[in-house]
Amino acid sequence: MLYRCPPIDDNRGMPEERPSAQLARLVNGYQVSQAIHAAATLGIADLLADGPRTSDDLAMTTGAHAPSLYRLLRALASAGVFREEEGRQFSLTPVGECLRSGAAEPVGPWAAFIGRESYWRSWGELLHSVRTGENAFRHLHGTDVWSYRAERPDESAIFDAAMSANSRRGADAVLAAYDFSGFGCVIDVGGGQGALLASVLAANPSVQGVLFDQPHVVARAEATLAAAGVADRCRVEGGSFFEAVPSGGDAIMMRQIIHDWYDPEAAAILRVCRQAIKPDGRLLIIESVIGAPNEAPEAKFMDLNMLVAPGGQERTREEFETLFAVAGFRLSEVIRTASPASIVVGLPV
């Protein structure tokens, strides 16, 4: 989401923000992003979970340079992430609470991921992508994001943690928007470590699940499923969704998978799903849907993220309809959720 300054209190007689000031704030948005990344990587929010602490105390605990950490924290306090008290003490705000590792709607793992050098430098090559259409990550690193992470387990773990946190953060919105109770079995294709599927199964005790992703990814899913109390109702399988996916489910669910790929690869994945889905099954694609001009920036900036990092794209409803038709599905409906993502429902034809 784009950074916005706190709203101006009109009762104080302050003038509206000038267009030049609005633009300057947007231009400088990367500063806030990197500052939050630094705080997330240091684990500041977890250290403040039990109450206020001084910046010197936080610096000693994290091994940071005390004067510089104070400068970081006071800047983030001015943006509403923390609150600065007397004596250089800092506490969490409701916004900063979301940086905690145990937050109900965690953002910290995503903040820790997006400031990583490989990701951050790729965004620095956005202009190259705009000029050439080439994926920025591949241009910079000489390989795609999947191969890069496969060769670097630490980077893969940080990415997986970010994806799991994002799934947990959006799970309530998906469950509020869609009724899974009528399904006997839900197959989560590309489901990572099972955060979303675990939420679906926990909310629907009669539903069985199958978690499917690359073997090295689902190998770390057991703890997530066990913590949700659904491990006995969820089978875990590893493989490639370009080759085959588990069959027998009443619904195939994919969260932020298809947007990682352009149409040829996306259609190939959906064709594999079409082979596995029941004749009366449901395909549930949980992704952002590009909206009307001049609104909904989240989906449109996520689309730029796809250009820069994985090399895919966000899609309009019409583009989803075309993609579905090529793969043997008919788009039934697009269900908005309280999050930026929608549920795009497909029926096999």
- Check the pair Arg88 / Glu84 against salt bridge (Lys or Arg N to Asp or Glu O under 4.0 Å), numbers first and verdict last. CA-CA 6 Å; Arg88 294 192 173 186; Glu84 184 175 5; 5.6 Å; no
- Query: Okay, side chain of Ser199, backbone of Ala171: is any donor-acceptor separation there less than 3.5 Å?
  - Reply: no
- Does Arg83 come within less than 4.0 Å of Glu85, counting only side-chain N to carboxylate O? yes
- Any donor-acceptor pair under 3.5 Å linking the side chain of Arg100 with the backbone of Ala45? no
- Query: Between Arg53 and Thr61, does any side-chain donor sit less than 3.5 Å from a side-chain acceptor?
  - Reply: yes
- Any donor-acceptor N or O pair under 3.5 Å, side chains Glu314, His259: yes
- Heavy-atom count around Glu117 CD within 6.0 Å, excluding the residue itself: above 12? no
- Task: Report yes if some heavy atom in the side chain of Ile187 is under 4.5 Å from a heavy atom in the side chain of Val245; otherwise report no.
- Result: no
- Message: Checking Asp46 against Ser101: is there a side-chain donor and acceptor pair closer than 3.5 Å?
- Response: yes
- Message: Donor-acceptor pair, distance only, cut-off 3.5 Å: does the side chain of Thr322 make one with the backbone of Glu318?
- Response: yes
- Message: For Asp250, run the side chain to side chain donor-acceptor pair (under 3.5 Å) check against Arg282, Lys278, Gln208 and tell me which one passes.
- Response: Lys278
- Can you find a pair of side-chain heavy atoms, one from Arg235 and one from Leu211, that are under 4.5 Å apart? no
- Task: Measure from the side-chain N and O atoms of Arg255 to the backbone N and O of Asn166, and report whether any donor-acceptor pair falls under 3.5 Å.
- Result: yes
- Salt-bridged, Glu125 to Arg121, with N to O below 4.0 Å? no
- Query: Take atom CG in Asp232; do more than 12 heavy atoms of anything else shown fall under 6.0 Å from it?
  - Reply: yes
- Query: Can any side-chain N or O of Glu319 pair as donor or acceptor with the backbone N or O of Thr316 at less than 3.5 Å?
  - Reply: yes
- Task: Scan side-chain atoms only and decide if Asp56 and Thr54 contain a donor-acceptor pair under the 3.5 Å cut-off.
- Result: no
- Quick check: are there more than 12 heavy atoms from other residues, nucleotides or ligands sitting under 6.0 Å from CZ of Arg152? yes
- Item | Glu105/Arg168 ion pair, N-O < 4.0 Å | no
- Query: Are Ile269 and Ile258 close enough that some pair of their side-chain heavy atoms sits under 4.5 Å apart?
  - Reply: yes
- Message: If you define the side chain from C-beta out and look only at heavy atoms, does anything of Tyr148 sit under 4.5 Å from Ser118?
- Response: yes
- Would you indicate whether Arg271, at its atom CZ, is surrounded by more than 12 heavy atoms from other residues, nucleotides or ligands within a distance under 6.0 Å? yes
- How about Val349 and Phe324: do any of their side-chain heavy atoms sit closer than 4.5 Å? no
- Would you check if the distance from the ring center of Phe137 to the ring center of Trp123 is below 6.0 Å? no
- Side-chain touch Gln313/Asp263, heavy atoms, less than 4.5 angstrom: yes
- Item | Exercise: do Asn305 and Tyr119 side chains pair donor with acceptor under 3.5 Å | yes
- Query: Of all heavy-atom pairs between Ala177 and Ile343, which one has the smallest distance, and what is that distance?
  - Reply: CB-CD1, 4.3 Å
- For Glu237, does the CD atom sit with more than 12 other heavy atoms under 6.0 Å from it, leaving out its own atoms? yes
- Message: Would you say Glu134 and His128 are linked by a side-chain donor-acceptor pair, where the criterion is simply a distance under 3.5 Å?
- Response: yes
- Query: Quick one: do Phe90 and Leu42 end up in the same hydrophobic cluster if we chain Ile, Leu, Val, Met, Phe, Trp and Tyr together by side-chain heavy atoms under 4.5 Å apart?
  - Reply: yes
- Message: Under 6.0 Å between ring centres: does that hold for Phe159 and Phe113?
- Response: yes
- Message: Looking at Asp303 and Arg315, is there a salt bridge between them, counting it only when a charged N and a carboxylate O are closer than 4.0 Å?
- Response: no
- Query: Looking only at heavy atoms, which two atoms of Ser288 and Ala299 are closest? And how far apart?
  - Reply: CB-CB, 3.7 Å
- Task: Keeping the roles fixed (side chain from Ser147, backbone from Asp144), state whether a donor-acceptor pair exists under 3.5 Å.
- Result: no
- Task: Please tell me if the side chains of Phe212 and Val236 come closer than 4.5 Å, counting only heavy atoms from C-beta onward.
- Result: no
- Message: Apply side-chain contact (heavy atoms from CB on, under 4.5 Å) to residues Phe242 and Trp261 and explain how you reach the verdict.
- Response: CA-CA 12 Å; Phe242 285 108; Trp261 309 92; 3.8 Å; yes
- Query: What closest approach, in Å, do Val207 and Arg233 show between heavy atoms, and which atom pair accounts for it?
  - Reply: O-NH1, 2.6 Å
- Query: So do Pro348 and Leu283 actually touch side chain to side chain, heavy atoms under 4.5 Å?
  - Reply: no
